[in-house]
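Just so you know, residue 1 is the first one in the sequence shown, and it goes up from there. Because the structure is predicted, anything quoted here is derived from the model rather than measured.
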Amino acid sequence: MASSVTTYITGRQVLSKLHSWFCGDDKCNKRVIRASQSAYSVLQRYQVLTNEAFDMLNTYLNTSFTKIIVNETGGIKGFCEQILKAVQEINDATLGIAEHLQKNMDQSLYEKIYLNVDLKEKAKIAKDFNEATMGIFGDVCGSLAAVMFSKAGLHESAVPEIENSPLWSLSIADLLLPGSKISELLSSLDPGKDFNEVLLKMEADIQDLTDFCNYYDFVVTGVQAYMDLIKENL
């Protein structure tokens, strides 16, 4: 009898663990869906922002960056590495120009370029910069864009360093699957680990990606606003 009771309890515990792993309850399933939707959204933003940055540099610095195309069957980790490589290339393309400007122009004016000021003040800075350089350093839009991108340090601050993320086991397309299916995929990571811990880690990683992407967005949209302002006022 004792053996039967032990078997029953053990079996019940296993079923409870499986239930936890496959996240069958509605509350947990909603968390998985919400996290997956957030992850998909932030990856899309990364693509759009990177392509916008590439477009500006191709236009104003005569670079030849190729737009990023999302391979939804590819892994999320691989995509994040692709974005990290892209922002490193942005830094490489702008750093030399920014350093040259810093060495050869009035320092007080140079430092004003990347100040977070209102549009009216930005317009004045752009006008002063254009008058001071008289095109010596090339197109004013290209010069200003180079300084702003370089000083933003995107190669260090656009994509977070995330280790052992549950996201790395998924493809981008997996994020569009039903919550129960995503839970099954995540369950293969470590069957002995409580699913809630895995989900918490996934949610934290997505929040990190979102926070870093928000800064990336701030930089790219800020440069674009500056470029639009220059074209309207110079």
Q: Give me the ring orientation class for F54 and F65: parallel if the planes are under 30° apart, tilted from 30 to 60°, perpendicular past 60°.
A: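 The rings of F54 and F65 lie parallel, inter-plane angle below 30°.
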
Q: Identify the residue among D92, L154, L49 that makes a side chain to side chain contact (heavy atoms under 4.5 Å, CB included) with V87.
A: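 So, applying the side chain to side chain contact (heavy atoms under 4.5 Å, CB included) to V87 and each of D92, L154, L49, only L154 qualifies.
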
Pairwise distance [atom1]([X]) to [atom2]([Y]) - rounded to 0.5 angstrom:
X    : Y    : atom1 : atom2 : value
L229 : E121 : CG    : CD    : 11.0 Å
N51  : M56  : CG    : CE    : 11.0 Å
K77  : C80  : NZ    : SG    : 10.0 Å
S36  : L186 : OG    : CG    : 7.5 Å
Y216 : I90  : OH    : CD1   : 4.0 Å
L61  : N58  : CG    : CG    : 9.0 Å

Whether [X] side chain and [Y] backbone form a donor-acceptor pair below 3.5 Å:
X    : Y    : value
S187 : E184 : yes
Y110 : K103 : no
S150 : A98  : no
N29  : S180 : yes
T210 : I206 : yes
S171 : G75  : no

Q.
Does E72 form a side chain to side chain contact (heavy atoms under 4.5 Å, CB included) with L176? I'd like the steps, not just the answer.
A. CA-CA 10 Å; E72 296 209 345; L176 301 177; 4.0 Å; yes

Any side-chain heavy atom of [X] within less than 4.5 Å of one from [Y]?
X    : Y    : answer
T50  : Q82  : no
V32  : F195 : yes
R31  : M202 : no
T94  : K151 : no
D55  : K67  : yes
V48  : Q44  : no
E203 : Q207 : no

Under a single-linkage definition using a 4.5 Å side-chain heavy-atom cutoff for Ile, Leu, Val, Met, Phe, Trp and Tyr, are [X] and [Y] assigned to the same hydrophobic cluster?
X    : Y    : result
I33  : L209 : no
F218 : Y46  : yes
Y226 : Y215 : yes
L185 : L167 : yes
L95  : F149 : no

Q) Are K181 and D174 ion-paired here, with the side-chain N under 4.0 Å from a carboxylate O? A)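 Not counted as a salt bridge, because no side-chain N and carboxylate O are separated by less than 4.0 Å.
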
What are the two closest heavy atoms between [X] and [Y], and how far apart are they?
X    : Y    : result
M105 : L101 : CG-O, 2.8 Å
V70  : F79  : CG2-CE1, 3.8 Å
D205 : P166 : OD2-CD, 3.7 Å
M227 : A145 : CE-N, 3.9 Å
I68  : A86  : CD1-CB, 4.0 Å
Y60  : C141 : CD2-CB, 3.4 Å

Q.
Taking atom CD as the centre, does Q107 end up with more than 12 heavy-atom neighbours from other residues, nucleotides or ligands that are less than 6.0 angstrom away?
A.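 Count over threshold, so yes.
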
